[in-house]
A.B. asks: 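Input: one structure, supplied below.
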Protein chains: 2
Amino acid sequence: MSADAPAGYDPHAFAPFAVTVDLAVFTVRDSRLHVLLVERGADPYKGHWALPGGFVLPRESAESAARRELAEETGLTEGTVSAFHLEQLRTYSDPDRDPRMRVVSVAYAALVPDLPEPRGGGDAASAQWWDAKTPGPLAFDHDRILADAHDRIGAKLEYSCLATAFCPPEFTLGELQQVYETVWGVELDRPNFRRKVLTTPGFVQAVAGSPRRTGGRGKPAALYRAGAATALHPPLLRPEGRST
Amino acid sequence: MSADAPAGYDPHAFAPFAVTVDLAVFTVRDSRLHVLLVERGADPYKGHWALPGGFVLPRESAESAARRELAEETGLTEGTVSAFHLEQLRTYSDPDRDPRMRVVSVAYAALVPDLPEPRGGGDAASAQWWDAKTPGPLAFDHDRILADAHDRIGAKLEYSCLATAFCPPEFTLGELQQVYETVWGVELDRPNFRRKVLTTPGFVQAVAGSPRRTGGRGKPAALYRAGAATALHPPLLRPEGRST
DNA sequence: TCCTTAATAGTCATTCTGACTATAAAGGAG
DNA sequence: CTCCTTTATAGTCAGAATGACTATTAAGGA
């Protein structure tokens with residue numbers, strides 16, 4: 001911030017703002033984009049599904065709060081979760097977005113590989129994966145947040161190497177292509193996709209010397225790991241125009 | 001937000017969060033990128049320069065607060081300012097970013113055409129344009145915010161038609177190219193830039209029939225207005241790698 | 001032993017881009 | 001008035017990148 005506080009400012013009397021984080025946790029499973037949702041147990045929107053999230057604690061940054069919530073909702077350790085891609089999306093601050101009080105929420109998008117069904121170790125034991133395209137009406141403004149998150153991820157796949165964040169440590173180019181096709185909702189030409197990925201320095205690197213069979217049928221595919229590059233130059237553009 | 005409030009939650013007792021907005025207001029002037037700064041009059045960082053900003057009011061969204069501050073600091077009416085490009089950058093929430101109390105700040109970037117020297121109608125009468133590349137150490141974490149804002153704008157010029165936001169209603173292609181060169185800090189080939197802009201449908205549209213002379217010397221340039229397009233497909237990539 | 005499936009290797013034309021060269025239309029210096 | 005400089009605009013050409021295809025290879029299953 002930068003403006004001077006109002007004269008005689010008393011934090012406890014002036015700003016009844018609560019600050020929360022909301023998480024859009026995405027994964028690719030069965031060729032469909034999934035998002036982690038929790039069922040609300042308390043009154044505003046009780047029974048509705050919502051993005052996982054929670055309050056930012058007094059001595060914690062929003063980033064830390066998001067990482068903490070991610071661990072709680074997925075039931076994984078903070079150590080495991082620290083390897084996942086987590087990025088700030090934007091902040092939602094409409095005065096009426098929460099009927100109870102003034103809540104400003106910093107939204108994050110997380111990209112995780114296909115995980116086992118979440119065993120909620122945190123407060124929301126009812127966390128569950130939902131298809132990201134048809135998750136009924138969510139609580140609060142979470143439909144909007146989810147849509148924004150989906151848009152952002154789709155756009156970032158174009159000019160970053162982010163897609164590998166959806167994959168396990170070792171993956172095939174077919175799996176990587178699936179990520180693009182799933183998030184964008186389009187089909188890509190396989191040879192062209194290969195060429196683009198393999199000629200972009202640092203996007204992926206081949207694993208020593210071991211192919212594996214995917215579903216069993218077809219020629220075994222070579223395995224790759226995520227490379228050191230983060231940006232994609234030139235970008236891998238979506239077929240049509242923008243947005244999904 | 002989504003998590004349920006802690007049991008027995010009392011907004012006034014629990015969360016002494018203040019929420020502010022900070023603005024990185026950019027303009028291109030004399031072939032250099034400028035940013036609007038204000039001199040702090042009160043104690044934390046008194047005498048330092050800072051990004052303009054202020055508290056989000058109890059019944060106001062961060063977006064509205066940013067628009068309001070933009071009008072105050074530039075000394076223009078809200079009506080005038082509503083035409084300027086204003087976009088949310090990201091939110092800064094480090095617990096110690098303000099020594100006085102817990103302040104979460106939503107940062108915005110604004111792009112304005114070359115304006116007359118600001119006559120601060122608001123609280124900070126000392127608003128002034130500074131070269132965006134060398135604005136000494138700023139108050140709080142504003143150096144970081146400014147750097148992030150510069151990066152974001154530079155990146156958006158690649159795949160959006162945003163550059164016209166820096167130009168007056170009617171402009172020459174030379175002026176538009178100046179925007180790119182100034183923000184990116186590189187020189188572009190003029191014929192190639194022309195070709196790219198003119199062949200991108202909706203980027204610019206020619207004004208009826210009237211050239212004008214720029215500085216006086218040289219062949220008069222044709223005038224254009226911003227077109228209807230917002231995205232740039234394919235993008236106009238920077239010469240080298242990413243970031244500035 | 002065929003058939004199907006999926007991975008991988010190429011080809012070819014089109015588009016886009018970067019690096020240039022050429023021409024046109026102003027103002028300024030002599 | 002005539003060069004000279006400056007800036008806008010037109011056009012050329014080779015190389016890179018992309019989209020649309022056509023093989024070929026290596027599995028599993030009927």
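First the proteins, then the strands, lettered A, B, ... as listed; each starts at 1.
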A.B. asks: Grab the N/O contacts between the protein and nucleotides 15-18 of chain C below 3.5 Å, and write none if there aren't any.
C.D. replies:
unit_1, atom_1, unit_2, atom_2, d
C:dT17, OP1, B:K196, NZ, 3.1
C:dG18, N7, B:N192, ND2, 3.4
C:dG18, N7, B:R195, NH2, 2.8
C:dG18, O6, B:R195, NH1, 2.9

A.B. asks: Is it true that B:R152 and B:D148 have a side-chain N and a carboxylate O under 4.0 angstrom from each other?
C.D. replies: no
A.B. asks: Can you tell me the distance, in whole Å, between the CZ atom of B:F193 and the C1' atom of C:dA19?
C.D. replies: 17 Å
A.B. asks: Write down the distance between CZ (A:R190) and C1' (D:dT22), rounded to a whole number of angstrom.
C.D. replies: 16 Å
A.B. asks: At under 4.0 Å between heavy atoms, which parts of nucleotides 23-30 of chain C does protein reach? Answer with one letter per nucleotide, 5' to 3': B base, S sugar-phosphate only, - none.
C.D. replies: -BBBS---
A.B. asks: Looking only at side-chain N and O atoms, does B:Q205 offer a donor or acceptor that is under 3.5 Å from a partner on B:R225?
C.D. replies: no
A.B. asks: Round to the nearest Å and state the distance from A:L223 atom CG to C:dA7 atom P.
C.D. replies: 12 Å
A.B. asks: Report yes or no: do B:S93 and A:E63 form a side-chain donor-acceptor pair below 3.5 Å?
C.D. replies: no
A.B. asks: Among D:dC21, D:dT9, C:dT8, find the nucleotide with the atom closest to the side chain of A:D189.
C.D. replies: D:dC21
A.B. asks: Distance check needed: C:dA7 C1' versus A:F171 CZ, whole Å only.
C.D. replies: 16 Å
A.B. asks: Quickly work out the A:E175 CD to C:dA7 C1' distance and round it to whole Å.
C.D. replies: 13 Å
A.B. asks: Are B:R97 and B:D22 close enough for a salt bridge, meaning some N to O gap below 4.0 Å?
C.D. replies: yes
A.B. asks: How many whole angstroms separate atom CG of B:L176 from atom P of D:dT7?
C.D. replies: 17 Å
A.B. asks: Should B:T200 and B:L232 be marked as a side chain to side chain contact (heavy atoms under 4.5 Å, CB included) after you check the CA-CA gap, both sets of side-chain angles, and the distance that decides it?
C.D. replies: CA-CA 7 Å; B:T200 298; B:L232 211 50; 3.5 Å; yes
A.B. asks: If you draw the axis of the six-membered ring of A:F193, does the NZ or CZ of A:R195 fall within 45° of it and under 6.0 Å from the ring centre?
C.D. replies: no
A.B. asks: Between B:E78 and B:R68, is the closest basic N to carboxylate O distance under 4.0 Å?
C.D. replies: no
A.B. asks: Please test A:L176 against A:V204 for side chain to side chain contact (heavy atoms under 4.5 Å, CB included), starting from the C-alpha separation and ending with a verdict.
C.D. replies: CA-CA 10 Å; A:L176 188 64; A:V204 297; 4.1 Å; yes
A.B. asks: Would you say the rings of B:F166 and B:F26 are close, in the sense that their centroids are separated by under 6.0 Å?
C.D. replies: no
A.B. asks: Within the pair A:R194 and C:dA9, is there a side-chain N or O less than 4.0 Å away from OP1 or OP2?
C.D. replies: yes
